[in-house]
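This report concerns only the one structure given below.
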Protein chains: 2
Amino acid sequence: MTSPGHPKADPATDPVGFAAHDHGRCVAAGIAAAEERCADKGLQFTPVRRKALEILLQEHRALGAYEVLDRLRDAGFGSQPPVAYRALDFLVANGFAHKIERLNAFIACAHPGTSHSPAFMICRLCDSVAEAHATPTRGALGQAARDAGFRIERTVVEAEGVCPSCAEKADA
Amino acid sequence: MTSPGHPKADPATDPVGFAAHDHGRCVAAGIAAAEERCADKGLQFTPVRRKALEILLQEHRALGAYEVLDRLRDAGFGSQPPVAYRALDFLVANGFAHKIERLNAFIACAHPGTSHSPAFMICRLCDSVAEAHATPTRGALGQAARDAGFRIERTVVEAEGVCPSCAEKADA
DNA sequence: CTTGTCATGTTATCTTATATCATGTATCGG
DNA sequence: CCGATACATGATATAAGATAACATGACAAG
């Protein structure tokens, strides 16, 4: 899942997406995790939902709902927007995928199973997205919320910039 | 600008929006700051742009582009989407307003003039939005970015939850 | 078997955003 | 003063993202 030989590879915290890695495993692991969790929680991991997750897992970048819809249609599923949005809503609601608000697009969760506040690094050059963990209540925001009496329920943390591989290309 | 008598009111860091305050000042201060900065930097603070900022400053919540457009039209400006988007783009590009990605909507900057990475607290009950300061490079995200070799250029930090005044109402 | 629940399919529509071309206006060097 | 340039605005059309509402099907509980 993480780059082989990476000095501090840790499946729970290592940002996936910028480094070379066994991508087949990403897909298999993602599907397996979802299957298990759905079985546990009595959720229906139906064909559309499974396919939608597979589609997202194919890449480490965010896909728009209509991009997902196109691929669902190609795979023989319905072709109207709600088909995609419903599948994506299910995946997001159950922690198998996340919505990248900055891009109005969706990406498979890189750390499925673990409950977490995700944080994303979005490369503006190649559109790849890596997921890390945020600690929203610890930083300046958490302090501001406590001071103001604001109860945080969910956080969106997205950094836009340049990924290592694009930075390298740009330097060359 | 901040609530009179607030124990730790500090114009540079105090989140505005949830507490009672002299709202007329918000508007006046926002316009004044924009005027000054535009003069300094040779930017044209044209009537549409001024009006758009005024519209945003009217409330401590985020307005959709089309909501802004409606009010611009009411004020005698053009009524086509690009009118609003261009004005909003200008305001955002120059730090007079921010886009709330979670809401696809815009809000006047609460700390104009200061260069900052904004963080927002969005009340899901009353839609009010308060702006605080984020310290993106300091927390877990900054660490992850350094580890991954990702160069952060801009961050989106938005917390969704319940503001103090709505929490109070809910308790009652 | 019928009732309720959940998933899917389908139509229509709404909201958000941008590309493009045309027009106006201020500034500046010649 | 004139023409070139840059920037701002106006207007048309369309793309992209999202949801409301209604109909159908599958299945388990009563």
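Only this structure's heavy atoms are used, side chains among them; waters, hydrogens and symmetry mates stay out. Predicted, not measured: the structure shown is a model, and the values here were computed from it. Below, read A as the first sequence line, B as the second, and so on, with proteins coming before strands; counting in each chain starts at 1.
- Rounded to a whole Å, the CG atom of A/L72 is 13 Å from the P atom of C/dT10.
- Both A/P81 and A/F90 lie near DNA chain C, and the one whose nearest nucleotide falls closer to the 5' end is A/F90.
- Residue A/Y85 contributes atom OH, which lies 17 Å from atom P of C/dC14 at whole-angstrom precision.
- At whole-Å resolution of the value, OH in A/Y66 and C1' in C/dT15 are 11 Å apart.
- The side chain of B/F106 sits closest to C/dA17 out of C/dT10, C/dA19, C/dA17.
- Environment of CZ in A/R146: crowded, with over 12 heavy atoms of neighbouring residues, nucleotides or ligands closer than 6.0 Å.
- The CD1 atom of A/I100 lies 11.5 Å from the CG atom of A/D127; values are rounded to the nearest 0.5 Å.
- For B/E67 and C/dC14, the CD to C1' distance is 15 Å, given to the nearest whole Å.
- By the 30° and 60° cut-offs, the orientation of the rings of B/H111 relative to B/H116 is perpendicular.
- Contact annotation: A/R49 reaches the phosphate of C/dA7 (side-chain N/O to OP1 or OP2, under 4.0 Å).
- When each of B/N104 and A/F77 is assigned the nucleotide of DNA chain C with its nearest heavy atom, A/F77 is the one assigned upstream, toward the 5' end.
- A straight line from CZ of A/R102 to P of C/dT16 spans 17 Å, rounded to a whole angstrom.
- A straight line from CG of A/L88 to P of C/dT8 spans 12 Å, rounded to a whole angstrom.
- When the side-chain nitrogen and oxygen atoms of A/S79 are compared with OP1 and OP2 of C/dT10, none of them lie within a distance under 4.0 Å.
- For the pair A/L43 CG and C/dT5 C1', the interatomic distance rounds to 14 Å; values are reported in whole Å.
- For an aromatic pair to be called close, the ring centres must be under 6.0 Å apart, and A/F106 with A/H98 fails this.
- A 4.0 Å heavy-atom criterion places the boundary nucleotides of DNA chain D facing chain B at D/dC7 to D/dT12, written 5' to 3'.
- Remark: A/K51 is not in phosphate contact with C/dT8, judged by side-chain N or O atoms under 4.0 Å from OP1 or OP2.
- Here the straight-line distance linking atom OG1 of B/T155 with atom CD of A/E158 works out to 10.5 Å at 0.5 Å rounding.
- Between A/K41 and A/E35 there is no salt bridge, since none of the side-chain N atoms of the basic residue sits less than 4.0 Å from a carboxylate O of the acidic one.
- Separating the CG atom of B/L69 from the C1' atom of C/dT16 is a distance of 12 Å, rounded to the nearest angstrom.
- Between A/D89 and A/R86, none of the side-chain N atoms (NZ, or NE/NH1/NH2) sits under 4.0 Å from a carboxylate O, so this pair counts as no salt bridge.
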